[in-house]
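One-based numbering, in listed order, for ligands and for the atoms of each. Excluded from the calculations below are hydrogen atoms, water molecules and symmetry mates; all remaining heavy atoms, backbone and side chain alike, are included. This chain uses plain numbering: 1 for the first residue, then up along the sequence.
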Amino acid sequence: SLGTAVISFWPSFSWAVDYKEVAKDIEDLVRADPDKGPTLVRLAWHSSGTYDQKSKTGGSGQGTIRFAEELAHGGNAGLKDTAVQWLEPIHAKYDGLISYADLYTLAGVAAIHAMGGPVIPWSSGRVDALDASAVTPDGRLPNADSGPPGSDPADAAHVRAIFNRMGFNDQEIVALSGAHALGRCHTTASGYDGPWTPTPTTFNNAYFTILKNLNWVAKEWDGPYQYVNAPGGNLMMLPSDLVLLQDKKFKRYVDIYAGDADKFYKDFAKAFQTLEELGTSGLTLTAWV
Ligand code: ZEM
């Protein structure tokens, strides 16, 4: 009967996308070129970090970061010709059966895993918006350029306002910031320059140990105001990173995560899962590793 046909067809249809296979493709991409890992994590974060819990707009749920309108936002500089493009062949391989919204978030957790980070629970089921009408206004992602200490009354307040809007507290803000163990600033993207740690393709708690233990001075250059370690000059911090030292409530968690890598892994995994589920509904917890 038709009923039996539909019922017997259903399981094979729902298994059409093997997310473990997709995740493996992403991890292979990162292993072939480790520098791609951090940028994939940045794409996952920016695809989610537009969420506003009051209006329930933004977030990772609809894959809107693939639209030119959202990629044109200042904070997304550099993502169009990198992470978004790198994932196109994987999206095409699965013939449209995985949504961009799922692919971008899966890329975040798979890249973190490929770089030695924790297995972060991931859920599938995001449904892509068909047009750009769900793109949120520019300005929802945090600014890095809060300026020299004391020059901007909105330093810590800005960081808190942005992350509280998504629903995150101080502890979660600091845990998530530990992602800056990964990757670097590109003068061609944000205008800033340099990596935060000497191990930018390895997930670890070095962001916190380096932030609190090195001496940070203003970089002397024509570029945007940022910090470099002195002596050395090989590493960098954004003004928004230094806020985590300057604000006593943030600093408390910097100390905790610098001293306890396991706790950082655990807290990061929980907060990153939450981040990737902002603005979603009806997801299914999915084995991907
Ligand atoms: Zn970042 N981030 N970020 N971030 N970020 C950059 C790079 C990366 C801020 C920010 O302005 C910048 C979080 C929080 C905040 C990553 C992950 C996460 C860059 C450099 C800037 C300017 C971009 C470039 O030039 O290519 C600010 C102001 C933040 C909060 C106050 C959170 C939260 C993250 C994840 C959980 C990652 C992985 C990168 C490295 C990207 C790459 O291509 O190497």
J.: How far is atom 38 (C) of ligand 1 from its nearest protein heavy atom, and which residue and atom is that?
T.: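 Protein heavy atom with the smallest distance to atom 38 (C) of ligand 1: Pro38 O, 3.3 Å.
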J.: What protein heavy atom is closest to atom 28 (C) of ligand 1, reported as residue, atom name and distance in Å?
T.: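 The closest one turns out to be Ser240 OG, 3.3 Å.
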J.: Would you kindly specify which portion of Ala144 sits under 4.0 Å from ligand 1, judged on non-hydrogen atoms: side chain, backbone, both or neither?
T.: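 Both the backbone and the side chain of Ala144 come within reach of ligand 1.
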J.: To which protein heavy atom is atom 40 (C) of ligand 1 closest, and what is the distance rounded to 0.1 Å?
T.: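 That would be Leu182 O, 3.7 Å.
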J.: Are the side chain of Asn229 and the backbone of Leu235 linked by a donor-acceptor contact shorter than 3.5 Å?
T.: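 At least one qualifying donor-acceptor pair exists.
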J.: Please check whether Ser190 reaches ligand 1 - meaning an N/O of the residue sits under 3.5 Å from an N/O of the ligand, judged on distance alone.
T.: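 Ser190 vs ligand 1: N/O contact under 3.5 Å present.
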J.: Quick one: which of Ser60, Ser47, Ser99 gives a side chain to side chain donor-acceptor pair (under 3.5 Å) with Arg126?
T.: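 Exactly one pass, corresponding to Ser60.
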J.: Among protein heavy atoms, which lies nearest atom 13 (C) of ligand 1, and at what distance?
T.: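 I find the closest protein heavy atom is Trp45 NE1, 3.3 Å.
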J.: At what distance, to the nearest 0.5 angstrom, does NZ of Lys80 lie from CD of Glu70?
T.: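 One finds 14.0 Å between NZ of Lys80 and CD of Glu70.
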J.: Report the part of Phe163 in contact with ligand 1, treating N, CA, C, O as backbone and CB onward as side chain, heavy atoms under 4.0 Å; options are side chain, backbone, both, neither.
T.: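 It is the side chain that gets close, since no backbone atom is under 4.0 Å.
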J.: Out of Gly194, Pro142, Gly191, Gly75, whose heavy atom sits nearest atom 30 (C) of ligand 1?
T.: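 Going through Gly194, Pro142, Gly191, Gly75 one by one, Pro142 has the nearest heavy atom to atom 30 (C) of ligand 1.
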J.: Given the ring of Trp288, does Lys20 sit roughly above its face, with NZ or CZ under 6.0 Å from the centre of the six-membered ring and within 45° of the axis?
T.: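 Not satisfied by the 6.0 Å and 45° rule.
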J.: Can you figure out which of Met115, His180, Met236 has its heavy atom closest to atom 3 (N) of ligand 1?
T.: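 It is His180 that holds the nearest heavy atom.
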J.: Backbone, side chain, both or neither: what part of Leu238 comes under 4.0 angstrom of ligand 1, heavy atoms only?
T.: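 The answer is the side chain.
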J.: Is the side chain of Asp95 donor-acceptor paired with the backbone N or O of Leu97 at a distance under 3.5 Å, no angle test?
T.: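 No, the answer is negative, given that no donor and acceptor are paired below the 3.5 Å cut-off.
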J.: Can you name the atoms of ligand 1, numbered from 1 with element, that are less than 4.0 Å from a heavy atom of Gly183?
T.: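 Those of ligand 1 that fall under 4.0 Å from Gly183 are 40 (C), 44 (O).
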J.: Of all the atoms in ligand 1, which lie at a distance below 4.0 Å from a heavy atom belonging to Asn143?
T.: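 This gives 28 (C) as the contact atoms.
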J.: Heavy-atom distances under 4.0 Å decide this one: backbone, side chain, both or neither, for Trp196 against ligand 1?
T.: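 For Trp196, only side-chain atoms sit under 4.0 Å from ligand 1.
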J.: Under 3.5 Å, is there a donor-acceptor pair between the Tyr253 and Glu172 side chains?
T.: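 Short answer, no.
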J.: Minimum heavy-atom separation for Gly75 and His46, please, with both atom names.
T.: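 Answer, listing the atom of Gly75 first, then His46: O-CE1, 2.9 Å.
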J.: Closest non-hydrogen protein atom to atom 43 (O) of ligand 1, residue and atom name please, with distance?
T.: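 The answer is Thr39 OG1, 2.6 Å.
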J.: Could you list which atoms of ligand 1 come closer than 4.0 Å to a heavy atom of Ala189?
T.: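 Within the 4.0 Å cut-off of Ala189, ligand 1 contributes 24 (C), 25 (O), 26 (O).
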J.: Would you check if Val109 and His113 make a side-chain contact, meaning some heavy-atom pair closer than 4.5 Å?
T.: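 In short, these two side chains do not touch, never coming nearer than 4.5 Å.
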J.: Can you tell me which residue and heavy atom of the protein come closest to atom 20 (C) of ligand 1, and the distance to 0.1 Å?
T.: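 The closest heavy atom on the protein side is Cys185 SG, 3.4 Å.
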J.: Can you tell me the protein heavy atom closest to atom 35 (C) of ligand 1 and the distance?
T.: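 The closest one turns out to be Ala179 CB, 3.3 Å.
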J.: Nearest non-hydrogen atom to atom 44 (O) of ligand 1 belongs to which of Arg160, Lys36, Arg184?
T.: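 Residue with the shortest heavy-atom distance to the ligand atom: Arg184.
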J.: Side chains of Phe203 and Phe268, heavy atoms from C-beta outward: is any pair under 4.5 Å?
T.: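 With C-beta onward as the side chain, the pair touches.
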J.: Name the one of His186, Arg184, Gln226 that satisfies side chain to side chain contact (heavy atoms under 4.5 Å, CB included) with Tyr192?
T.: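 Only one option passes, and that is Gln226.
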J.: Compute the shortest N/O to N/O distance between His186 and ligand 1 and return yes if it is under 3.5 Å, no if not.
T.: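 Such a contact does occur with ligand 1.
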J.: State, yes or no, whether a side-chain contact exists between Ile162 and Met166 at a heavy-atom distance under 4.5 Å.
T.: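 Yes - at least one pair of side-chain heavy atoms lies under 4.5 Å apart.
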J.: Using a 6.0 Å distance limit plus a 45 degree cone around the ring axis, check whether Arg160 lies over the aromatic ring of Phe168.
T.: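 Output no; distance or angle outside limits.
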